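Below is one structure, written out as structure tokens, with a few remarks after it.
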Amino acid sequence: MDELSQVMQVRREKLDELRSRGIEPYAYNFDSSTTAVQASESFATAEEGGRLDEGGDGESVRLAGRIVSWRGHGKSAFAHIEDGSGSIQLYLKKDVLGDESFDTLDLIDLGDWIGIEGVLFRTRTGESTVRVTNWTLLSKSLRPLPFGKVEVDADTGERTYHSGFSDQETRYRQRYADLAVHPEVRDVFRTRAHIIREIRTFLDDEGFLEVETPALQPLYGGATARPFVTRHNTLDRTMYLRIADELYLKRLVVGGLDRVYEITKDFRNEGVDRSHNPEFTMAEWYQAFSDYEDQMELVERMMVQVVDRVTGTRTLPFGDHDISVEPPFRRIRLVDSLSEALDADVDDLSDDDLRDRAEALSIPELDGAGRGKLIDKLFGELVEPGLIQPTFVLDHPKELSPLAKEKRGEPHLTERFEMYLAGMEIFNAFSELNDPLDQRERFQAQMGLRAAGDDEAQQLDEDYLRALEYGMPPTGGVGLGVDRLVMVMTNQPSIRDVILFPTLRDTE
RNA sequence: GACCCGGUAGCUCAGUUGGCAGAGCAACUGACUUUUAAUCAGUAGGUCGUGGGUUCGAGCCCCACCCGGGUCACCA
């Protein structure tokens, strides 16, 4: 404890001093009559309605919050406290509080939680404020929060930080401190919750049933990715954290639950970057008797409804771009878009031609890549980064899509779409493959790739094939990367900014 | 996994050819009863990411490692 910094040492001493004065620094509860924002609003309403007294005072209020700023003036002080709704200014005067109560304020610091009682009024600079008549300490802060000085633009409400808390690493590792000093970070996560709520509401209203499927699986599937591997001791068996919900949800469609969805975490043992976290939130839904065309229409309706309800606008600022969420979204066939980018019809190019093109662009990792993989690589390099506005990319090569039905009339393709926003894949959908014999062949092809060293190729799942053999109706299915959608809708540059506790390395 | 940039006071950052460790904010003491990046005067606060090495002397140079950010690869 002799390692404590000077600042923390001082706070411990204040804690002791409070106790020696008979003040308990960690209270049990506090009954508030209002919130910071409600108090300001109701004061403004009373003011407009002429319901203030002769002295300009409004009603009495009780509220609790964290002290986020302090301006002492000898025998008076101004402070702001912040609660879940926002912040409100306090005015503390010695002649109102009395000597003992006012002098005890010397033991209060930024970051402390207090409960106050007082009367609303408006200062001569125009800010609605509580003239505090009583205050009580609710929790003493022993570690200084990294509050910067905040300049709030009176017109725009925009916050400018001076000497603030900007170290990304510490902000992610100590998200509690990041949240405590950055109201706008709290807002991102409120918006995230709202987005997920609206996705759920949309699917509920469309007649989908929310279900829960295993996160801990004896076999993993439904996507091409490496899994996290773990072990069940009693069963003495290797198990995997799910990389997708797909195969379980489609089993449910076989069972007659013909519209199902799940919003949950998936886990992929892959790299970490601006748009990838090892655990991430996926929404998946499956709708019997629909195909991918139907699902494109559904995705458009969902996007518009969610964006309308959450943001109230259809233009989303994202970095340097303005993204217009106005249906119908652009639709391009993957092969056509690539033909355009290559200035040559892909169908006229041989595998060797494609490989030459890829090598000319110095695209790495081409060893053993088949035609589908080459097309995918070239698409990823030439087309994908430009897909800023909402765009459906259609009809992927069959070898890339082992769970999707063949494209009608073009058996080398599949009925699949990916919807891109801001250069990121947000939705991925198929007309689901429901022919059990075809599915078995596709799995076997994947096993071939696996044997050849592709550890992301999908595994043959006999139980899933058995389910398909019982009969799955024609079904359209969609996966939605929730975190990425939240990034776009909250204009955050990294997936870590929309995940409360992103995966980081240990610091020991 | 590769490359680039970074890690110095609670926070944000300076730190010259290698020569006593600096500022602003926060803290502390004092002044101040309508301020709001409050103001004014003063005081204190440091294993310079970790471990080695070179040197009379290392925040600075060399080696290794840890952590983060960015770019790329993989992937949603």
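Here is how names work: the chains are called A, B, and so on, in the same order as the sequence lines, proteins then strands, and each is numbered from 1. Since this is a predicted model, take the numbers as computed values, not measurements.
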Review point. Rounded to the nearest Å, what distance is computed from the CD atom of residue A:Q89 to the C1' atom of nucleotide B:U35?
Key: 7 Å
Review point. Does the pair A:D16/A:R19 count as a salt bridge with the N-to-O cut at 4.0 Å?
Key: no
Practice item. Answer with yes or no whether A:S166 presents, from its side chain, a donor or acceptor under 3.5 Å of a partner atom in the base of B:U12. Key: no
Point to revise | A:N277 (side chain) donor-acceptor with A:F280 (main chain) under 3.5 angstrom | key: no
Check your understanding: When the aromatic ring centroids of A:H182 and A:Y161 are compared, is their separation below 6.0 Å?
Key -> yes
Revision key, fill the gap. Readout for nucleotides 21-29 of chain B: B = base within 4.0 Å of protein heavy atom, S = sugar-phosphate only, - = neither; 5' to 3' it is ---BSS-S-
**Study point:** cation_pi(A:R131, A:F121) dist<6.0 Å, angle<=45
**Key:** yes
Exercise for review: Would you mind telling me which residue lines up with the more 5' stretch of RNA chain B, A:I495 or A:R131, judged by nearest nucleotide?
Suggested key: A:R131
Point to revise | Length of the NZ-P vector between A:K75 and B:U34, whole Å | key: 11 Å
Practice item. Kindly say whether, by distance alone, the side chain of A:E127 makes a donor-acceptor pair under 3.5 Å with the base of B:U35? Key: no
Check your understanding: Taking 4.0 angstrom as the limit, do A:E17 and A:R12 come out as a salt bridge?
Key -> no
Review point. Is a side-chain donor or acceptor of A:R122 paired with a backbone partner of A:E47 at a separation under 3.5 angstrom?
Key: no
Review point. Any ion pair linking A:D109 and A:R11 (charged N to carboxylate O, less than 4.0 Å)?
Key: yes
Check your understanding: Okay, side chain of A:T264, backbone of A:E262: is any donor-acceptor separation there less than 3.5 Å?
Key -> no
Practice item. Name the closest nucleotide to the A:F78 side chain, picking from B:A37, B:A73, B:U35. Key: B:U35
Practice item. Could you measure between the two C1' atoms, the one in B:G19 and the one in B:G70, and give it in whole Å? Key: 36 Å
Point to revise | Distance between P atoms of B:C5 and B:A9 (Å, rounded) | key: 22 Å
Review point. Taking the same atom, P, in B:G45 and in B:G6, what whole-Å distance lies between them?
Key: 31 Å
Review point. Base, sugar-phosphate, or nothing for A:N277, non-hydrogen atoms under 4.0 angstrom?
Key: base
Review point. Can you tell me if A:T475 uses its side chain to pair, donor with acceptor, with the backbone of A:E432 under 3.5 Å?
Key: no
Check your understanding: With rounding to whole Å, what would you report as the distance between B:U47 and B:G10 at their P atoms?
Key -> 7 Å
Study note, to complete from the structure: Separation of B:G10 atom P from A:R171 atom CZ, nearest Å, is 20 Å
Revision key, fill the gap. Rounded to whole Å, OH of A:Y172 lies from P of B:G70 at a distance of 7 Å
Exercise for review: Mind calculating the distance between CZ (A:R173) and P (B:G69) to the nearest angstrom?
Suggested key: 8 Å
Exercise for review: Considering only atom P, compute the distance from B:G57 to B:C20 and round it to an integer number of Å.
Suggested key: 15 Å
Study note, to complete from the structure: Among B:A38, B:G68, B:A37, the one nearest any side-chain atom of A:E151 is B:A37
Practice item. Taking atom types as modelled, find out whether A:H396 and A:E415 have a side-chain donor-acceptor pair closer than 3.5 angstrom. Key: no
Check your understanding: NA contact type, A:Y161, heavy-atom cut-off 4.0 Å: base, sugar-phosphate, or nothing?
Key -> nothing
Point to revise | Watson-Crick and G-U pairing of RNA chain B, under 3.5 Å, as dot-bracket with | and [ ] | key: (((((((..((((.....[..)))).(((((.......))))).....(((((..]....))))))))))))....
Study note, to complete from the structure: Among B:G69, B:A37, B:U71, the one nearest any side-chain atom of A:R274 is B:U71
**Study point:** Side chain of A:R496 - closest among B:U33, B:A73, B:G68
**Key:** B:G68
Exercise for review: Could you work out which one of B:U71, B:C11, B:U33 sits closest to the side chain of A:P146?
Suggested key: B:C11
Practice item. Write down the distance between OH (A:Y91) and C1' (B:U33), rounded to a whole number of angstrom. Key: 4 Å
Exercise for review: Say whether, by atom type as modelled, one donor and one acceptor occur between the side chain of A:R192 and the main chain of A:V498 under 3.5 angstrom.
Suggested key: yes
Practice item. Keeping the roles fixed (side chain from A:R173, backbone from A:F501), state whether a donor-acceptor pair exists under 3.5 Å. Key: no
Practice item. Answer with yes or no whether A:R71 presents, from its side chain, a donor or acceptor under 3.5 Å of a partner atom in the base of B:U35. Key: yes
Review point. Checking all strands, does A:G479 fall into the base, sugar-phosphate, or nothing category for heavy-atom contacts under 4.0 angstrom?
Key: nothing
Check your understanding: Between B:A23 and B:U8, how far is it from one C1' atom to the other, in whole Å?
Key -> 13 Å
Check your understanding: Counting any heavy atom closer than 4.0 Å, what does A:D95 reach on the DNA or RNA strands: base, sugar-phosphate only, or nothing?
Key -> base
Practice item. Taking atom C1' in both B:C60 and B:C48, compute the distance separating them and give it to the nearest angstrom. Key: 10 Å
Protein-nucleic acid N or O pairs under 3.5 Å, nucleotides 2-8 of chain B:
none

Review point. Contact class for A:D266 vs. all strands (heavy atom < 4.0 Å): base, sugar-phosphate, or nothing?
Key: nothing
Check your understanding: NA contact type, A:F121, heavy-atom cut-off 4.0 Å: base, sugar-phosphate, or nothing?
Key -> base
Review point. In whole angstrom, what separates A:E270's CD from B:C72's C1'?
Key: 16 Å
Check your understanding: Given that A:V272 and A:T224 both sit by RNA chain B, which one's nearest nucleotide is further toward the 5' end?
Key -> A:V272
Study note, to complete from the structure: CD (A:E246) and CE (A:M282) are apart, to the nearest 0.5 Å, by 8.5 Å
Exercise for review: Report the distance from atom CG of A:D376 to atom C1' of B:A73, rounded to the nearest whole Å.
Suggested key: 14 Å
**Study point:** Donor-acceptor pair, side chain of A:R357 and main chain of A:L374, under 3.5 angstrom
**Key:** no
Practice item. Check for a donor-acceptor pair, side chain of A:K140 on one end and backbone N or O of A:L107 on the other, with a separation under 3.5 Å. Key: yes
Practice item. With C1' as the reference atom in both, quote the distance from B:A44 to B:G30 in angstrom, rounded to an integer. Key: 15 Å
